[in-house]
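Since the structure comes first, as structure tokens, the remarks are kept for the end.
Numbers here are sequence positions counted from 1.
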Amino acid sequence: MKKNYNQTGAKVGIYLIYILTSLFFLYPVVWVLSLSLKTVPELFMVPPKIFPKSFNIENYIFVINNTQILKNLWNSLYIVIFTVAGTLLITLPAGYAFSRLKFKFKRSMMFGVLIFQMISPLVIVIPLYRYFSQINMTNSQVALMLVYIAISVPFATWYIKGYLDTIPVQLDEAALIDGCGRLKALRKILIPVTIPGIISVSLLIAVNSWSQFVVPFILLDDGRKFPISVGLVNLQSTTEAVTTHYLAAACVIGILPTMVLFIILQRFIVSALTEGAVKG
């Protein structure tokens, strides 16, 4: 009886921590949403109120009609799409090789991939700018995609490798016996059963690429090519008509696509994490 009581108390404590952590991270989002729906007088009310008196969607209409926010969103969208596609094109074969094949220096190469994961983009962005300048690729979204792919590959390789480790080796061994090559076995057998892991890592890559600021801020100087992260800062610093409530509306528009994507794909993420936990 005492043991059950202790277990119940532990669960209550854990859920309380979850709730407090969620509130800690949700409060800034709720506050920005509140600012985006306020009028100018409500911005300066003392004491400030979280809920506006009326939901003023004119702030969103102004931002959409008078700024480049939609162009910035489109830039971020196709940059992220090509980044995810390019990363998966590299990491699926690499993760398969690390998971299934035995070759010399395998552990050393895996450790090398992990080391590259530890390198911050802040450390390499200036040398990268000088490099792209020498090959005439400054202010290029292609160069930005290549950098994003290079940043994402180490983590995605380890993620895919770990997920493939949860899949029985007998599946691809049976395919090899039936005459499939390694790449065909990966494409026809393993990728279909790895969909939850692929979608999960794709979402993580997409969110990381969507939120990058320093790299595009350094590599791009044309406002028409800015992703949403840089576009918001440019919106604040160069547009005199935009005040706090307009900037908040632009921020909500900027985070909305990733939130919708996460809500749609959350079941795949839960599935990937659950299968990994069961294997462990």
For a quick test of reading the model, state the closest non-hydrogen atom pair linking [X] to [Y] and the distance between them.
| X | Y | result |
| --- | --- | --- |
| L122 | V125 | O-CG1, 3.6 Å |
| K225 | N139 | NZ-O, 3.0 Å |
| I149 | G86 | CD1-CA, 3.8 Å |
| R187 | P192 | O-CD, 3.6 Å |
| D172 | P168 | OD1-O, 3.7 Å |
| A249 | Y60 | O-CE2, 3.6 Å |

When you compare the side chain of [Y] with that of [X], does any pair of heavy atoms fall below 4.5 Å?
| X | Y | answer |
| --- | --- | --- |
| V201 | T91 | no |
| W210 | L73 | yes |
| V147 | F132 | yes |
| T67 | Y246 | no |
| L220 | P227 | yes |
| F105 | F111 | no |
| T258 | F262 | no |
| M110 | L114 | no |

Enclosure of [X] [atom1] (heavy-atom neighbours >12, cutoff 6.0 Å):
| X | atom1 | value |
| --- | --- | --- |
| I119 | CD1 | yes |
| Y18 | OH | no |
| K106 | NZ | yes |

With a 3.5 Å cut-off and no angle check, do the side chains of S36 and N59 form a donor-acceptor pair?
no
Flag for T138-Y129: side-chain donor and acceptor within less than 3.5 Å
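No - no donor-acceptor pair under 3.5 Å links their side chains.
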Keeping the roles fixed (side chain from S202, backbone from I198), state whether a donor-acceptor pair exists under 3.5 Å.
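Yes.
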Return yes if some donor-acceptor pair links the side-chain N/O of T87 with the main-chain N/O of T83 below 3.5 Å, else return no.
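It does hold such a pair.
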Please report the interatomic distance [atom1]([X]) to [atom2]([Y]), rounded to the nearest 0.5 Å.
| X | Y | atom1 | atom2 | answer |
| --- | --- | --- | --- | --- |
| L186 | T194 | CG | OG1 | 7.5 Å |
| I228 | S211 | CD1 | OG | 12.5 Å |
| Y159 | L204 | OH | CG | 6.0 Å |
| Y15 | S22 | OH | OG | 12.0 Å |
| Q212 | S152 | CD | OG | 8.0 Å |
| L203 | N208 | CG | CG | 11.0 Å |

Same apolar cluster: [X] and [Y], side chain cutoff 4.5 Å:
| X | Y | result |
| --- | --- | --- |
| L183 | I160 | no |
| F25 | M259 | no |
| Y148 | M137 | yes |
| L164 | I90 | no |
| V80 | V153 | no |

Sequence neighbours excluded, which residues qualify as ring pair (Phe, Tyr, Trp, His ring centres under 6.0 Å) partners of F116?
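In terms of ring pair (Phe, Tyr, Trp, His ring centres under 6.0 Å), with neighbours along the sequence ignored, F116 is linked to no residue.
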Let's go through L33 and V29 carefully: what are the C-alpha distance in whole Å and the side-chain angles of both, what is the deciding distance for side chain to side chain contact (heavy atoms under 4.5 Å, CB included) to 0.1 Å, and is it a yes or a no?
CA-CA 6 Å; L33 180 61; V29 178; 5.6 Å; no
Could you walk me through whether H245 and T39 pass side chain to side chain contact (heavy atoms under 4.5 Å, CB included), step by step?
CA-CA 7 Å; H245 52 315; T39 59; over 6 Å; no
Which one of [options] satisfies the side chain to side chain contact (heavy atoms under 4.5 Å, CB included) criterion with [X]?
| X | options | value |
| --- | --- | --- |
| F226 | D221, N72, L232 | N72 |
| P216 | V230, N75, I79 | V230 |
| V63 | L247, L70, I253 | I253 |

For side chain to side chain contact (heavy atoms under 4.5 Å, CB included), just list the numbers for R182 and L176, CA-CA rounded to whole Å, side-chain angles, deciding distance to a tenth of an Å, and then say yes or no.
CA-CA 7 Å; R182 291 284 184 180; L176 295 175; 3.6 Å; yes
